Amino acid sequence: MAREFDVIRRYFQEATAARDDVILGIGDDCALLRIPPGQQLAVSMDTLVAGRHFVADANPTNLGHKALAVNLSDLAAMGATPAWVTLSLTLPAADTTWLTHFMQGFSALAATYQVQLIGGDTTRGPLSITVQAHGYVPPDQALRRAGARVGDNIYVSGTLGDAGLALAAQQGRYPLDAGARSSVQPHLDRPTPRVALGCALRQVAHAAIDISDGLGADLQHICTASGVVAQILAQHLPLSATVRAYIEQTQDWQLPVSAGDDYELLFTAARADEARIRQIARDLAVPVNCIGEITAAETMVMVL
C-alpha cells in the first residue's frame, strides 16, 4: 500500500501548471514560496467528508472541482488573488481510476485561476478531502465580515437556492423533471468561485462573505461582526426560473434564504457606490443584485 500511495504522490507533481513564485514545490518536507512584494498572505482550509458533505459515490470529477472551488470562494470573499494550494486525501484504497477523475476536476479549475498544487498528503482511511488555499491581497484592502455600516446597500452575486434545490431533489425531498434538475445541479456539483468579483470589490465593499451556510446565516455573520442589522426584501432576491417556480408552488422562501452551497458573494457597500458596483458587474459579466440594506433596527427582518 505504501508503494501505491508513493505513485499517487508522484502523480500530484504534474497535476497543475508551475508558477514562477514557487521556489520549491512538491517533493520536499516543505514548499518554498515567494510572496509578492507589498502583499499580505491569505489562507483558507476546508475538509469534505464522505457521508457528511458528499455521498460516497459522488462523481469524482465534480468532487475535485468542488473541493478546490469552496476554498477559492473563501479567498474571493476576502478579495484575495489565489496562488497556491495543498491537498490531503484520506482514501479507503489507492484507487488510481478515482484519483485520475478527481484530479481532472481539481486541475481544470486550478488552471482557470492559475493555482499551483504545492504539497499535501495521502493516507488510508474513510474518504475525506482537505484543501488549503493560499492567496495574496494588498495591505489594508482585504474584505472582511466586519465593516458594514448603517445605510449600506446589501448585494449578492448570481442566484440563490439552486444548490439547495438540487440537493432536495437528489435526496428525494422535492421532485424535479430532468430539465429543471439539469439547470440547478451544476450549482451544487461545480460552483463558480467569484474570484474576479472579490478582487474588484476591494476598494468598494465595506464587508463581504461567501454564501456557504445560506444567505440568512452568512448575512448574520456580517451583522454580528459589524454590530449592525439587516433588512432583506424577498422580492429582490435573485432567483433562477427553476427556484422561482419552486417558490410559486410551495411558498417556501426558506430555500433561497437558508439553503447552503451557493458560494456566491454577499457584500455591503455605500449607497453612493451603486453605479460603480453596477459597472463592475457589467465589466465582469457577473449578475449582482441589491437585496436590502443595513439598518439601525434591533432585529434582522425579511420583508415578503
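Everything numeric here is computed off the predicted structure, so don't read it as measured data.
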Would a hydrophobic clustering, with Ile, Leu, Val, Met, Phe, Trp and Tyr connected at side-chain separations under 4.5 Å, put [X] with [Y]?
{"X": "V229", "Y": "F267", "result": "no"}
{"X": "V131", "Y": "L109", "result": "yes"}
{"X": "V55", "Y": "V49", "result": "no"}
{"X": "I118", "Y": "L41", "result": "yes"}
{"X": "L265", "Y": "I211", "result": "no"}

Whether the [X] and [Y] side chains hold a donor-acceptor pair (N or O, under 3.5 Å, no angle test) is what I'd like checked.
{"X": "T295", "Y": "Q231", "value": "no"}
{"X": "H187", "Y": "Q185", "value": "no"}
{"X": "Y174", "Y": "Q249", "value": "yes"}
{"X": "N289", "Y": "Y155", "value": "no"}
{"X": "T242", "Y": "S183", "value": "yes"}
{"X": "Q279", "Y": "R276", "value": "no"}
{"X": "T47", "Y": "T130", "value": "yes"}

Looking only at heavy atoms, what is the nearest atom pair of [X] and [Y], with distance?
{"X": "A169", "Y": "L176", "result": "CB-CD1, 3.7 Å"}
{"X": "Q39", "Y": "P139", "result": "CA-CD, 4.3 Å"}
{"X": "L143", "Y": "A76", "result": "CD1-O, 4.5 Å"}
{"X": "D252", "Y": "Q254", "result": "OD1-N, 2.9 Å"}
{"X": "S226", "Y": "G147", "result": "OG-N, 3.0 Å"}
{"X": "D74", "Y": "S44", "result": "OD2-OG, 2.8 Å"}

Euclidean distance, [Y] [atom2] relative to [X] [atom1], rounded to 0.5 Å:
{"X": "D46", "Y": "H53", "atom1": "CG", "atom2": "NE2", "value": "8.0 Å"}
{"X": "Q104", "Y": "L99", "atom1": "CD", "atom2": "CG", "value": "10.0 Å"}
{"X": "L201", "Y": "I277", "atom1": "CG", "atom2": "CD1", "value": "6.5 Å"}
{"X": "I209", "Y": "E264", "atom1": "CD1", "atom2": "CD", "value": "13.5 Å"}
{"X": "L160", "Y": "L165", "atom1": "CG", "atom2": "CG", "value": "12.5 Å"}
{"X": "I291", "Y": "L266", "atom1": "CD1", "atom2": "CG", "value": "5.5 Å"}

Exercise. When you check the gap from the basic side-chain N to the acidic O, do E248 and R244 get nearer than 4.0 Å?
Worked result: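 Judged by the 4.0 Å cut-off on N to carboxylate O distance, E248 and R244 do not form a salt bridge.
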For this session: Given side-chain contact (heavy atoms from CB on, under 4.5 Å), test I129 with L87 step by step and report yes or no.
Result: CA-CA 7 Å; I129 306 155; L87 169 65; 3.9 Å; yes
Are any of the side-chain heavy atoms of [X] and [Y] separated by less than 4.5 Å?
{"X": "L75", "Y": "V195", "value": "no"}
{"X": "T122", "Y": "F12", "value": "yes"}
{"X": "L89", "Y": "F102", "value": "yes"}
{"X": "L68", "Y": "F106", "value": "yes"}
{"X": "R149", "Y": "V228", "value": "no"}
{"X": "V85", "Y": "N71", "value": "no"}
{"X": "L33", "Y": "I23", "value": "no"}
{"X": "T159", "Y": "D162", "value": "yes"}

For this session: Kindly indicate, with the supporting measurements, whether the criterion side-chain contact (heavy atoms from CB on, under 4.5 Å) is fulfilled by T86 and M45.
Result: CA-CA 9 Å; T86 60; M45 183 169 64; over 6 Å; no
I'd like to know if the side chain of [X] reaches the main chain of [Y], judged simply by a donor and an acceptor atom lying under 3.5 Å from each other, with no hydrogens or angles considered.
{"X": "K66", "Y": "T61", "answer": "no"}
{"X": "Q40", "Y": "V137", "answer": "no"}
{"X": "S182", "Y": "G179", "answer": "yes"}
{"X": "S107", "Y": "A15", "answer": "yes"}
{"X": "Y113", "Y": "P193", "answer": "yes"}
{"X": "S73", "Y": "A69", "answer": "no"}
{"X": "N153", "Y": "R271", "answer": "no"}

For this session: Begin with the C-alpha distance, continue with both residues' side-chain angles, and end with the deciding distance and a verdict on side-chain contact (heavy atoms from CB on, under 4.5 Å) for L237 and V257.
Result: CA-CA 9 Å; L237 298 184; V257 173; 4.1 Å; yes
Other residues, nucleotides, ligands: >12 heavy atoms within 6.0 Å of [X] [atom1]:
{"X": "D28", "atom1": "CG", "answer": "yes"}
{"X": "R202", "atom1": "CZ", "answer": "yes"}
{"X": "D20", "atom1": "CG", "answer": "no"}
{"X": "R52", "atom1": "CZ", "answer": "no"}

Problem set entry | Candidate pair D213 and H221, rule side-chain contact (heavy atoms from CB on, under 4.5 Å), full reasoning | CA-CA 10 Å; D213 297 328; H221 291 323; 4.0 Å; yes
Exercise. Could you walk me through whether D210 and R194 pass the salt bridge (charged side-chain N to carboxylate O under 4.0 Å, His left out) check?
Worked result: CA-CA 9 Å; D210 72 324; R194 301 295 189 180; over 6 Å; no
